[in-house]
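Counting starts at 1 for both ligands and their atoms, in listed order. Note: hydrogens, waters and symmetry copies are ignored here, and every other heavy atom, side chains too, is used. Because the structure is predicted, anything quoted here is derived from the model rather than measured.
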Amino acid sequence: MHLLNADLHSHSNVSDGTLTPEALARRAADGGVELWSLTDHDELGGQARARDAALALGLQYLSGTEISVSFAGETVHIVGLGFDVDDAALQAGLASVRSGRRARAQAMADGLARVGIAGAFEGALRYVGNPDLISRTHFARFLVDTGVCSDTHEVFRRFLTDNKPGYVPHQWARLGDAVRWITGAGGVAVIAHPARYRFTPTVEYALITEFITHGGRGIEVMTGSHSAPEQLQYGDTALEFGLLASRGSDFHAPGESRIELGSLPDLPGRLTPVWEALAPRIQRA
Ligand code: AMP
Ligand code: MN
Ligand code: MN
Ligand code: MN
């Protein structure tokens with residue numbers, strides 16, 4: 001049986017990707033994607049453009065976003081899919097998550113200046129497509145293009161993660177709030193790239209059970225952030241907790257992202273794809 005080629009996690013220059021929503025839609029179509037979602041961080045500004053471009057190319061579309069959440073001292077990402085983009089509570093929630101990014105970026109630049117990297121705030125801003133959404137990724141691109149590091153992963157490792165000079169802890173949304181904003185708008189909440197978090201099994205169990213208690217229903221199994229063993233492991237997790245499984249490249253930029261849009265392996269047949277639960281929310285031309 002042909003499984004739909006769904007790519008339900010990607011970023012445009014409305015957050016920390018480099019392509020416009022229109023260019024991303026075209027790249028998704030070229031990559032064989034049949035059902036696409038643009039999931040910009042904490043922001044819906046690209047949704048109408050992404051949907052229009054997708055439908056014009058014959059792709060099916062689900063609305064999307066990726067919400068930054070603070071949980072047990074770590075940042076956790078919750079993807080929302082298939083919600084009403086005009087929902088006022090969701091929009092207000094995302095606006096509250098976005099606020100503070102600029103001050104955080106100033107503090108990050110101050111930390112980098114202390115280790116001899118001057119002008120990082122202005123430098124990062126040159127890469128920002130949306131002034132409300134300055135992110136660590138924009139600093140990473142600046143530090144690569146100025147020759148401080150050879151790739152963005154090196155920037156994160158040396159400068160932008162816990163205890164490094166450009167890292168500034170930040171209070172993001174609460175897990176329950178993020179899940180309720182999504183479900184209250186008619187969507188499904190999904191735990192993004194679960195293998196990326198450095199949780200003990202106990203804390204991971206707490207994350208998943210609290211997520212479900214708040215109404216969360218999905219987990220990413222096939223993502224550009226997972227190794228093959230991690231894909232198997234989180235497939236088991238989906239079954240164990242009765243969660244819907246999602247698939248998405250987390251594509252950000254040509255040459256930067258390891259996984260191309262639409263190119264991940266299919267979800268294992270034993271799992272229930274999240275898009276089956278979202279059938280009435282899928283938009284078609
Ligand atoms: P922010 O929301 O400003 O904290 O930025 C987080 C973004 O940084 C993520 O969405 C990824 O796109 C990117 N990122 C996080 N960790 C890494 C890493 N180790 N290597 C490359 N990019 C990363
Ligand atoms: Mn990102
Ligand atoms: Mn993420
Ligand atoms: Mn992402």
Side-chain angles (χ1 to χ4, degrees), residues 7-19 24 36-43 46 50 64-71 73-81 94 97-109 111-112 120-121 124-125 127-144 149-164 166-173 178 189-198 207 218-220 222-227 246-259 261 264:
D7 194 319
L8 304 181
H9 190 150
S10 58
H11 299 274
S12 77
N13 66 352
V14 175
S15 64
D16 62 347
T18 59
L19 301 180
L24 208 57
W36 177 51
S37 182
L38 173 67
T39 54
D40 278 316
H41 297 286
D42 308 323
E43 170 68 89
T65 187
E66 182 178 17
I67 305 182
S68 312
V69 161
S70 295
F71 184 85
E74 266 246 47
T75 299
V76 165
H77 285 168
I78 301 296
V79 163
L81 297 170
L94 293 180
V97 182
R98 285 195 299 274
S99 73
R101 271 192 181 266
R102 209 175 166 88
R104 168 191 186 236
Q106 281 284 5
M108 288 170 59
L112 292 170
F121 182 76
L125 265 188
Y127 295 82
V128 167
N130 169 2
D132 284 348
L133 224 109
I134 179 164
S135 96
R136 285 185 291 164
T137 314
H138 302 111
F139 283 85
R141 293 194 183 119
F142 169 68
L143 293 183
V144 170
C149 292
S150 57
D151 60 50
T152 55
H153 294 286
E154 183 189 344
V155 183
F156 275 88
R157 195 173 64 247
R158 287 177 54 196
F159 295 106
L160 298 182
T161 41
D162 220 354
N163 297 316
K164 299 297 162 60
Y167 184 72
V168 176
H170 197 73
Q171 197 58 48
W172 303 109
V190 175
I191 298 175
H193 40 62
R196 283 250 297 263
Y197 315 122
R198 294 157 302 171
L207 169 69
I219 192 164
E220 285 185 346
M222 288 299 169
T223 141
S225 293
H226 283 182
S227 65
S246 194
R247 175 180 188 263
S249 57
D250 205 358
F251 185 87
H252 281 71
E256 215 176 83
S257 297
R258 279 182 302 133
I259 299 290
L261 284 150
L264 283 166

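Electrostatic pairing of D132 and R102 does not count as a salt bridge here, judged by no charged N lying under 4.0 Å from a carboxylate O.
Proximity of H11 to ligand 1, defined as any heavy-atom pair under 4.0 Å, is not found for any part of the residue. With a 4.0 Å heavy-atom cut-off, ligand 1 is reached by the side chain of D16 but not by its N, CA, C or O. When heavy-atom distances to ligand 1 are checked against a 4.0 Å cut-off, E66 has no atom that comes that close, whether in backbone or side chain. Under 4.0 Å from ligand 1, not a single heavy atom of H193 appears.
Ranking the protein heavy atoms by distance from atom 20 (N) of ligand 1 puts H153 ND1, 2.9 Å first. Distance from atom 6 (C) of ligand 1 to its nearest protein heavy atom, with residue and atom name: R136 NH2, 3.7 Å. Among protein heavy atoms, atom 12 (O) of ligand 1 sits closest to H252 NE2, 2.9 Å.
Remark: ligand 1 and R104 share an N or O pair separated by less than 3.5 Å (distance only, no angle test). Considering backbone and side-chain atoms alike, S68 places every N or O at 3.5 Å or more from each N or O of ligand 1.
Contact between N130 and V128 at its shortest, heavy atoms only, is O-CG1, 3.0 Å.
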Pair I191-I78, side-chain contact (heavy atoms from CB on, under 4.5 Å): steps then yes or no
CA-CA 5 Å; I191 298 175; I78 301 296; 4.2 Å; yes
Output, in order, the C-alpha distance, side-chain angles, deciding distance and verdict of side chain to side chain donor-acceptor pair (under 3.5 Å) for H138 and D16.
CA-CA 7 Å; H138 302 111; D16 62 347; over 6 Å; no
Evaluate the side-chain contact (heavy atoms from CB on, under 4.5 Å) criterion for residues L8 and W36: first the C-alpha distance (whole Å), next the side-chain angles of each, then the deciding distance (0.1 Å), finally the verdict.
CA-CA 6 Å; L8 304 181; W36 177 51; 6.0 Å; no
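With hydrogens and angles ignored, the 3.5 Å screen pairs a side-chain donor or acceptor of S249 with a backbone N or O of F251. Side-chain atoms of R141 do not come within 3.5 Å of backbone N or O of T152 as any donor-acceptor pair. A donor-acceptor pair under 3.5 Å is absent between the side-chain atoms of D42 and the main chain of R98, judged by distance alone. Side-chain atoms of R247 come within 3.5 Å of backbone atoms of L264 as a donor-acceptor pair (strictly under, hydrogens ignored).
Not a single N/O/S atom of H41, whether from backbone or side chain, sits less than 2.8 Å from the Mn ion (ligand 3). One of the N, O or S atoms belonging to H11 lies under 2.8 Å away from the Mn ion (ligand 4).
In summary, the atoms of ligand 1 found under 4.0 Å from a heavy atom of S135, numbered by their order in the structure, are 3 (O).
Looking only at side-chain heavy atoms (C-beta outward), T161 and R136 come within less than 4.5 Å of each other.
Nearest-residue assignment for atom 11 (C) of ligand 1 (options L133, D42, T137; heavy-atom criterion): T137. Considering each of F156, Y167, F139, the one bringing a non-hydrogen atom nearest atom 15 (C) of ligand 1 is F156.
The Mn ion (ligand 4) is closest to atom OD1 of D250 (considering only N, O or S atoms).
Taking the six-membered ring wherever Trp is involved, the centroid distance between the rings of H226 and H193 does not fall below 6.0 Å.
Vertex the Mn ion (ligand 3); arms to H77 atom ND1 and E66 atom OE2; angle 80° (nearest 10°).
The shortest separation from a heavy atom of R101 to ligand 1 is under 4.0 Å, placing the residue in contact.
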